[in-house]
Engineer: 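Quick one: structure below, then a few questions.
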Amino acid sequence: MFEHDSSMFDGGGSATGKSEPPTYLVVGGVAGGMSAAARLRRRDESATIIVLEKGRFVSFANCGLPYFVSGEIEKEAELLVQTPRSLAAWLNLDVRVNHEVVGLDPARRSVTVRTEEGLQQIDYDALVLAPGVVAARPPIPGLDHPVVRTLRTVDDALALRSAAMAKARRAVVLGAGFIGLEAAEALASRGLAVAVVEYAPHVLPPLEKELAWLVAEELRRLGVDLYEGVAAAEILDQPAGEGGGVTGRVLVRLADDRELVADLVVLATGTAPATAVFEAAGLACERGSILVDDHGRTNLPRVYAVGDATLSLDGVTGERRPVQLAGPANRAGRYVADALVADQAGLRAGGPGDGDAGDDAGGAPAVAGPRQARPVPRPLGTAIVRVGALTAAMTGANRAALDRAGRAYATVHTHPGSHAGYFPGSKQMHLVVHLDPATGEILGAQGVGADGVDKRIDLLATAIRAGIDAPGLIDLDLAYSPPYGSAKDPVTMVGFLADNLLTGQTRLWRPEDLDWARSQAVLLLDVRTPAEFASGHLPEAVNIAHTELRGRLDEVRRLAAGRPVAVMCQSGVRSYIAHRILVAAGFDSATLSGGMLTLRAWLGAEAGKVLV
Ligand SMILES: Cc1cc2nc3c(=O)[nH]c(=O)nc-3n(C[C@H](O)[C@H](O)[C@H](O)COP(=O)(O)OP(=O)(O)OC[C@H]3O[C@@H](n4cnc5c(N)ncnc54)[C@H](O)[C@@H]3O)c2cc1C
């Protein structure tokens with residue numbers, strides 16, 4: 001049944017050419033959509049603003065859902081940041097939940113909405129699409145088994161929490177991205193035996209492998225079993241007699257034929273944009289993600305898009321990719337609302353009218369409104385996650401993205417304390433920073449540690465956005481007192497390392513160069529103490545503590561026999577000192593970036609085989 005919303009046709013706003021207040025429709029009532037709606041109201045008090053949300057709730061805290069499952073957020077109501085009633089009172093928004101947009105007619109400027117009462121048609125002067133994404137469903141037989149859940153909505157979180165609190169004892173989480181790990185942590189904290197299956201070679205695939213290993217170790221410490229580098233192949237009912245039929249348990253069979261028993265399976269293997277209905281109406285998309293210009297304009301006239309369902313140009317590599325994070329979605333909601341209002345003002349002033357899509361949206365028609373809107377900035381993908389006692393965070397490009405983009409980069413590693421080592425409670429963190437070897441531009445940074453990682457990655461994200469190069473980090477004036485940091489902050493240390501590298505004060509070798517360092521072409525010199533050396537070293541290494549090096553240079557010269565010297569220590573500090581001693585004595589030398597700490601994490605499970 002079709003039913004016209006009569007309020008949309010009376011008067012008709014500027015869609016009819018009259019100068020009556022416009023009607024703005026927003027599809028999707030959470031991060032991007034609600035930010036857009038709220039900003040539209042602040043920019044235009046007279047407009048009719050209708051938010052259409054297919055679910056039961058708007059403005060809910062998706063990011064809080066895992067912590068509702070764990071119980072850290074106790075009440076469902078705490079997840080509901082706003083309600084239709086509060087949004088009507090505060091912002092005069094017409095928020096309609098249980099309203100799913102199932103059709104779009106861009107020529108007529110109307111959408112078809114499925115409601116509990118039937119189908120409705122609603123006209124718009126401008127439309128903002130913020131439909132987000134849904135959990136991707138890989139072709140795994142058995143995925144529709146009732147024990148398989150996702151974690152995207154309040155209802156998902158309610159179901160997972162009640163399963164975890166009721167009979168579930170064993171959970172298998174498919175996918176070790178942010179949501180998968182948050183789900184795993186939450187279920188483990190509730191006492192379930194949790195296994196995580198990840199197709200990529202390591203957990204948190206965007207994280208560099210030498211940091212991901214630290215996260216994997218933390219998961220194991222929490223009692224989570226990891227199955228990395230393998231896919232789930234099938235979900236089967238557990239055969240009767242082994243608990244099947246009674247407990248509702250399943251077997252998750254992996255591609256290598258291992259089987260995991262579960263009474264709860266969390267599907268977190270990625271996402272798919274919720275855009276099919278709009279793409280069918282002519283919206284330009286790439287693999288389902290909406291193409292937008294710098295102001296959120298799509299290829300369709302007066303149709304804008306924000307959030308997880310859109311494609312962005314990466315802030316470092318320029319690669320076109322979806323960035324599914326709350327900050328960028330909220331920011332885009334604000335900026336795109338500004339662009340929409342400006343475009344509408346342009347239309348009313350007799351501007352170019354329809355077809356006002358921008359350059360990156362596929363066409364290049366004229367911009368309608370005055371340029372009163374800031375362009376949506378290209379995201380850096382700055383992200384953070386808690387895993388047990390550790391924090392993992394990242395900003396900018398990782399090695400894989402830089403390789404895809406064909407960018408040259410140098411990598412520095414450092415393992416500083418979260419605050420002054422002499423003040424109680426300092427925790428070691430592990431930072432990896434990629435920079436342009438010619439210009440020093442910071443290309444990406446990642447960190448893992450128990451304290452202070454959030455602050456350093458946010459600083460590095462700020463530096464990237466501000467165009468501060470890596471040596472320029474030394475110049476940042478940072479607040480310091482022993483409980484908070486160090487006079488030489490971890491970020492300052494990154495600046496020192498980068499400056500040394502770019503000026504040739506230091507030369508690095510990296511875990512990737514291990515075969516070279518272990519070859520006969522090099523003298524491998526470990527400058528840790530004999531006790532540290534005995535605790536695990538590369539079999540080819542010669543041990544001379546850095547404090548003895550100055551007195552034993554003749555010995556080094558004899559051992560090197562004209563070959564370069566690859567120096568290493570525990571963290572990279574002592575080997576840098578040794579490197580400078582060797583260079584001054586005329587040696588060709590390089591120091592291991594991040595030292596044994598980085599090498600061990602890089603080797604991961606192989607460390608036991610490689611080190612003696
Ligand atoms: C469990 C979880 C944890 C997260 N944690 C973090 C975090 O810690 N940090 C972070 O930065 N990001 C996090 N995110 C990601 C963040 O929530 C998203 O990036 C952000 O919500 C995207 O906003 P959006 O408006 O594009 O989409 P959403 O917030 O997903 O909203 C889209 C809405 O559109 C509705 N909709 C879809 N199609 C239609 C239709 N046809 N008609 C009507 N309504 C429709 C959907 O029901 C949905 O409510 C998390 C996400 C999840 C699921």
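Both counts, for ligands and for their atoms, begin at 1 and track the order of listing. Residues take their numbers from the sequence shown, with the count starting at 1.
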Engineer: Got a salt bridge between R404 and E319, using NZ or NE/NH1/NH2 to carboxylate O under 4.0 Å?
Structural biologist: yes
Engineer: Which pair of heavy atoms, one from A168 and one from L264, lies closest together, and at what distance?
Structural biologist: CB-CB, 4.2 Å
Engineer: Side chains of residues 329-337: which donor-acceptor pairs under 3.5 Å do they make with residues two or more places apart or in other chains?
Structural biologist:
from, atom 1, to, atom 2, distance (Å)
N330, OD1, S35, OG, 2.6
N330, ND2, A326, O, 2.7
Y335, OH, R374, NE, 2.8

Engineer: Once you restrict to heavy atoms under 4.0 Å, what part of V101 touches ligand 1? Side chain, backbone, both or neither.
Structural biologist: both
Engineer: Ring of W213, cation from R220 - is the NZ or CZ under 6.0 Å from the centre and inside 45° of the axis?
Structural biologist: yes
Engineer: May I ask whether H99 places a heavy atom under 4.0 Å from ligand 1?
Structural biologist: yes
Engineer: Which atoms of ligand 1 sit under 4.0 Å from any heavy atom of R152?
Structural biologist: 53 (C)
Engineer: Within ligand 1, which atoms have a heavy atom of V27 less than 4.0 Å away?
Structural biologist: 40 (C), 42 (N), 43 (C)
Engineer: Hey, is Q324 touching ligand 1 through its side chain, its backbone, both or neither, going by heavy atoms under 4.0 Å?
Structural biologist: backbone
Engineer: Quick test: of every protein heavy atom, which one is nearest to atom 36 (N) of ligand 1, and how far off is it to 0.1 Å?
Structural biologist: P131 O, 3.8 Å
Engineer: Enumerate the atoms of ligand 1 whose separation from the nearest heavy atom of G32 is less than 4.0 angstrom.
Structural biologist: 23 (O), 24 (P), 25 (O)
Engineer: Answer side chain, backbone, both or neither: which part of I179 comes under 4.0 Å from ligand 1, heavy atoms only.
Structural biologist: side chain
Engineer: Return the residue, atom name and 0.1 Å-rounded distance of the protein heavy atom closest to atom 31 (O) of ligand 1.
Structural biologist: V30 CB, 3.4 Å
Engineer: What protein heavy atom sits nearest atom 12 (N) of ligand 1, and how far away is it?
Structural biologist: A326 N, 3.3 Å
Engineer: Does the N or O separation between D308 and ligand 1 drop below 3.5 Å for any pair?
Structural biologist: yes
Engineer: Testing the 3.5 Å rule here: is there a donor-acceptor pair between the side chains of S110 and Q121?
Structural biologist: yes
Engineer: Is the closest basic N to carboxylate O distance between E218 and R221 below 4.0 Å?
Structural biologist: yes
Engineer: Any luck finding a side-chain donor-acceptor pair between Q324 and T271 under 3.5 Å?
Structural biologist: yes
Engineer: Can you pull out the closest protein heavy atom to atom 48 (C) of ligand 1? Residue, atom name and distance to 0.1 Å, please.
Structural biologist: E53 OE1, 3.5 Å
Engineer: Between A274, G381, A130, G28, which one has a non-hydrogen atom sitting closest to atom 32 (C) of ligand 1?
Structural biologist: A130
Engineer: What residue and heavy atom of the protein are closest to atom 2 (C) of ligand 1, and at what distance?
Structural biologist: N62 O, 3.3 Å
Engineer: Run the salt-bridge test on R386 and E72 with the 4.0 Å N-O cut-off and return the result as yes or no.
Structural biologist: yes
Engineer: Check R152 with D156, please: is the shortest side-chain N to carboxylate O separation under 4.0 Å?
Structural biologist: no
Engineer: For atom 23 (O) of ligand 1, what's the nearest protein heavy atom and its distance?
Structural biologist: A31 CB, 3.2 Å
Engineer: Is the NZ or CZ atom of R161 both under 6.0 Å from the centre of the six-membered ring of F68 and within 45° of that ring's axis?
Structural biologist: yes
Engineer: How close does the nearest protein non-hydrogen atom get to atom 44 (N) of ligand 1, and which residue and atom is it?
Structural biologist: K54 N, 3.1 Å
Engineer: Taking only heavy atoms of L52 into account, list the atoms of ligand 1 that are under 4.0 Å away from them.
Structural biologist: 43 (C), 44 (N)
Engineer: Hey, which atoms in ligand 1 end up nearer than 4.0 Å to a heavy atom of A329?
Structural biologist: 22 (C), 23 (O)
Engineer: Does a side chain donor of either H430 or E210 reach within less than 3.5 Å of an acceptor in the other side chain?
Structural biologist: no
Engineer: Does any N or O atom in C63 lie less than 3.5 angstrom from one in ligand 1, N or O only?
Structural biologist: no
Engineer: Looking only at distances, please establish whether an N/O atom of ligand 1 is found under 3.5 Å from an N/O atom of G327.
Structural biologist: no
Engineer: With heavy atoms of G307 as the reference, note each atom of ligand 1 found under 4.0 Å away.
Structural biologist: 26 (O)
Engineer: Are R39 and D338 within salt-bridge range, i.e. N to O under 4.0 Å?
Structural biologist: yes
Engineer: Under a 4.0 angstrom heavy-atom cut-off, which atoms of ligand 1 come close to G132?
Structural biologist: 26 (O), 27 (O), 32 (C)
Engineer: Check D123 with R109, please: is the shortest side-chain N to carboxylate O separation under 4.0 Å?
Structural biologist: no
